[in-house]
Engineer: 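To start, I am sharing the structure in question, which I have written as structure tokens.
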Protein chains: 2
Amino acid sequence: MTKLQSHGREPFETVDRAPEAQAEGFATVRQAHESEMAEDYVELIAELIETRGEARPVEIAERLGVKPPTVTKNISRLKAAGLVRREPYRAIFLTDSGQELAEACRQRHRIVVAFLCSLGIDEETAERDAEGIEHHVSETTLVAFGQALKQSWKHE
Amino acid sequence: MTKLQSHGREPFETVDRAPEAQAEGFATVRQAHESEMAEDYVELIAELIETRGEARPVEIAERLGVKPPTVTKNISRLKAAGLVRREPYRAIFLTDSGQELAEACRQRHRIVVAFLCSLGIDEETAERDAEGIEHHVSETTLVAFGQALKQSWKHE
DNA sequence: GACAAAAGTTAGACATGGCTAACTTATCTA
DNA sequence: TAGATAAGTTAGCCATGTCTAACTTTTGTC
Ligand SMILES: [Mn+2]
Ligand SMILES: [Mn+2]
Ligand SMILES: [Mn+2]
Ligand SMILES: [Mn+2]
């Protein structure tokens, strides 16, 4: 039991951090919440276009578990943010920047799900937890998940 | 390269799920967001009481990175929810149920941080990501993190 | 003990993301 | 092609969690 590969510390001690560092952490979480709606929408829209040919508000509402007016309102926010293109009463399309965001989100989502599954978590739970977790995974952590995933392949 | 221990699937394929299942996932995330404020506050209050002797609004504000009026408002919500006991202009205490929630949250927070660190992620990043991730980790996933952590000790 | 500084609260504003009810537009079908 | 049904929008409501400005209370200092 060498200490060489240790990433260190006893696992259950509370790290005490400088107040500013802690505050920065909470600020990061609040920021993540601000992008969350956009990320989930573009991700879903991309999936619907791919699998259903088009993205319709009814279906977005159904899959998000919200009511149609909520979708209308949020879609116009996405349009204002330049992520989506569309005319009233018609299907929804992604702009280039929307497409780009969607791809990144889908990729991240898939990695998080696969990583959780590689820990032995059932797919349903993995999907559920990933839907929230994904928005709080930094690039660093995403890379670490990817690495761990590769490791898990070797050992199977 | 046996398939015995495989937890299955190619890692980068999109799982397609029934609309209701997907909707339930998003509903779970929305629910998690509703408890998030309470969880972060009681956790922080418990830590402040432990390390500083008492929990004062200024310090809560400083560590959360918000302004004092935000803390005042949220503390009265926690009081209404029966998590906190306090009189105006005085320090804040946890009720039994607040204490209980705080302990669970601290434990979960520590496990998530330790787990991320065990993947080789630096502590600062681990803390930052954990602050958001913790609220979306189901019991199942928390247990899996704990297990993986135990494994990582064996191999170090 | 008075007064200045620090801490805390109150009031009122704002953005976000839900909702229902009522209306409009598009699509389907007889 | 008319009428019915489904889809989508609009208007207006609500809760949450943030803020600033102004006020009150407590604390510390001389
Ligand atoms: Mn999500
Ligand atoms: Mn997702
Ligand atoms: Mn948190
Ligand atoms: Mn936490």
Side-chain angles (χ1 to χ4, degrees), chain A residues 19 22-45 48 52-81 83-93 131-132 135, chain B residues 19 22-45 48 52-81 83-93 131-132 135:
Chain A
Q22 199 169 359
E24 215 195 293
F26 285 111
T28 300
V29 175
R30 287 190 295 268
Q31 270 184 260
H33 285 156
E34 283 177 28
S35 10
E36 192 161 338
M37 184 274 283
E39 291 174 356
D40 286 335
Y41 272 71
V42 298
E43 188 182 343
L44 179 54
I45 290 165
L48 288 173
R52 314 293 302 253
E54 58 177 14
R56 284 277 171 190
V58 236
E59 195 134 0
I60 295 173
E62 190 190 4
R63 294 186 112 97
L64 290 175
V66 301
K67 301 294 178 186
T70 300
V71 172
T72 297
K73 189 178 285 191
N74 286 335
I75 292 295
S76 40
R77 284 171 184 162
L78 297 185
K79 191 177 174 180
L83 294 169
V84 131
R85 193 160 26 82
R86 84 101 137 217
E87 284 128 299
Y89 297 98
R90 312 295 297 279
I92 293 147
F93 302 91
E131 200 53 77
H135 308 283
Chain B
Q22 202 171 357
E24 214 195 294
F26 285 110
T28 300
V29 175
R30 287 190 296 267
Q31 268 184 261
H33 285 157
E34 283 177 28
S35 8
E36 194 161 336
M37 184 274 284
E39 292 174 355
D40 286 335
Y41 272 70
V42 297
E43 189 181 341
L44 179 54
I45 290 166
L48 288 173
R52 314 293 302 253
E54 59 177 10
R56 284 277 172 188
V58 237
E59 194 134 1
I60 295 173
E62 190 190 4
R63 296 187 110 96
L64 290 175
V66 300
K67 301 295 178 188
T70 301
V71 172
T72 298
K73 190 177 284 190
N74 286 334
I75 291 297
S76 40
R77 284 171 185 162
L78 296 185
K79 190 178 174 181
L83 294 169
V84 132
R85 194 161 26 82
R86 84 104 135 213
E87 286 128 298
Y89 297 96
R90 314 293 297 278
I92 294 147
F93 302 91
E131 200 53 78
H135 308 282

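Everything numeric here is computed off the predicted structure, so don't read it as measured data. Below, read A as the first sequence line, B as the second, and so on, with proteins coming before strands; counting in each chain starts at 1.
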Engineer: Give a yes/no on whether any side-chain N or O of A/Thr70 is located under 4.0 angstrom from OP1 or OP2 of C/dG18.
Structural biologist: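 For A/Thr70, the contact criterion (side-chain N or O under 4.0 Å from OP1 or OP2 of C/dG18) is not met.
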
Engineer: So what does B/Pro57 hit on the nucleic acid, given a heavy-atom distance under 4.0 Å: a base, only sugar-phosphate, or nothing?
Structural biologist: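 B/Pro57: backbone/sugar contact only, no base atoms under 4.0 Å.
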
Engineer: Rounded to the Å, how far apart are A/Leu64 CG and C/dG17 C1'?
Structural biologist: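 Checked: the CG to C1' distance equals 12 Å.
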
Engineer: Rounded to whole Å, how long is the line connecting atom CE of B/Met37 with atom P of D/dA15?
Structural biologist: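 These atoms are roughly 15 Å apart.
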
Engineer: In whole Å, what is the span from the CD atom of A/Glu34 to the C1' atom of C/dC14?
Structural biologist: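 Value for this atom pair: 13 Å.
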
Engineer: Consider side chain to side chain contact (heavy atoms under 4.5 Å, CB included). Of B/Leu83, B/Ile92, B/Leu78, B/Val84, which one does B/Tyr41 pass it with?
Structural biologist: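 Single pass found, and it is B/Leu78.
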
Engineer: Take atom CD1 of B/Ile75 and atom P of D/dT16, then tell me their distance rounded to the nearest Å.
Structural biologist: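 Nearest whole value for this atom pair: 15 Å.
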
Engineer: From CZ of A/Arg30 over to P of D/dC19, roughly how many Å is that when rounded to an integer?
Structural biologist: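 Nearest whole value for this atom pair: 7 Å.
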
Engineer: So do the side chains of B/Arg30 and A/Val66 get within less than 4.5 Å of each other, counting heavy atoms only?
Structural biologist: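 Result yes, sub-4.5 Å side-chain heavy-atom pair found.
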
Engineer: Between A/Arg56 and D/dA7, does any side-chain N or O lie under 4.0 Å from OP1 or OP2?
Structural biologist: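 For D/dA7, OP1/OP2 do not have a side-chain N/O of A/Arg56 under 4.0 Å.
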
Engineer: Between C/dT9, D/dT18, C/dC19, which nucleotide gets closest to the side-chain atoms of B/Tyr41?
Structural biologist: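 Between C/dT9, D/dT18, C/dC19, the one nearest the side chain of B/Tyr41 would be D/dT18.
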
Engineer: Tell me the interatomic distance from B/Glu36, atom CD, to D/dT18, atom C1', rounded to whole angstroms.
Structural biologist: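 After rounding, the gap between these two atoms is 14 Å.
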
Engineer: Of all the nucleotides listed (C/dT25, D/dT18, C/dG17), which has the minimum atom distance to the side chain of A/Tyr89?
Structural biologist: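 So the side chain of A/Tyr89 is nearest to C/dT25.
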
Engineer: Where do B/His33 and A/Glu36 come nearest, in terms of heavy atoms and distance?
Structural biologist: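 The answer is CE1-OE2, 2.9 Å.
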
Engineer: Expressed as a whole number of angstroms, how long is the span from B/Glu87:CD to D/dT25:C1'?
Structural biologist: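 Whole-Å distance recorded here is 14 Å.
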
Engineer: Side chain of B/Lys73 only, heavy atoms from C-beta on: which candidate in C/dT20, D/dC19, C/dT9 is closest?
Structural biologist: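 Ranking C/dT20, D/dC19, C/dT9 by closest atom to the B/Lys73 side chain puts D/dC19 first.
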
Engineer: Counting only side-chain nitrogens and oxygens, does A/Arg86 get under 4.0 Å of the OP1 or OP2 atom of D/dT9?
Structural biologist: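 Yes, such a contact exists.
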
Engineer: Return the minimal non-hydrogen interatomic distance between B/Glu62 and A/Ala23, and the atom names on each side.
Structural biologist: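 Smallest interatomic distance, heavy atoms only, reads O-CB, 3.5 Å.
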
Engineer: Can B/Arg63 and B/Glu59 be counted as an ion pair, charged N to O under 4.0 angstrom?
Structural biologist: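 Counted as a salt bridge, because a side-chain N and a carboxylate O are separated by less than 4.0 Å.
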
Engineer: Rounded to whole Å, how long is the line connecting atom NZ of B/Lys67 with atom C1' of D/dA22?
Structural biologist: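 Roughly 16 Å, once rounded to whole Å.
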
Engineer: Map A/Val66 and A/Pro88 onto DNA chain C by nearest heavy atom, then report which one ends up closer to the 5' terminus.
Structural biologist: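 By nearest-heavy-atom nucleotide position, the 5'-most residue is A/Val66.
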
Engineer: Classify A/Arg77 by what it touches in the nucleic acid, base, sugar-phosphate, or nothing, heavy-atom distance under 4.0 Å.
Structural biologist: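 Base, at least one base heavy atom under 4.0 Å.
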
Engineer: For the side chain of A/Pro69, starting at C-beta, report the closest nucleotide among C/dT9, D/dT9, D/dG8.
Structural biologist: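 Among the listed nucleotides, the one closest to the side chain of A/Pro69 is D/dT9.
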
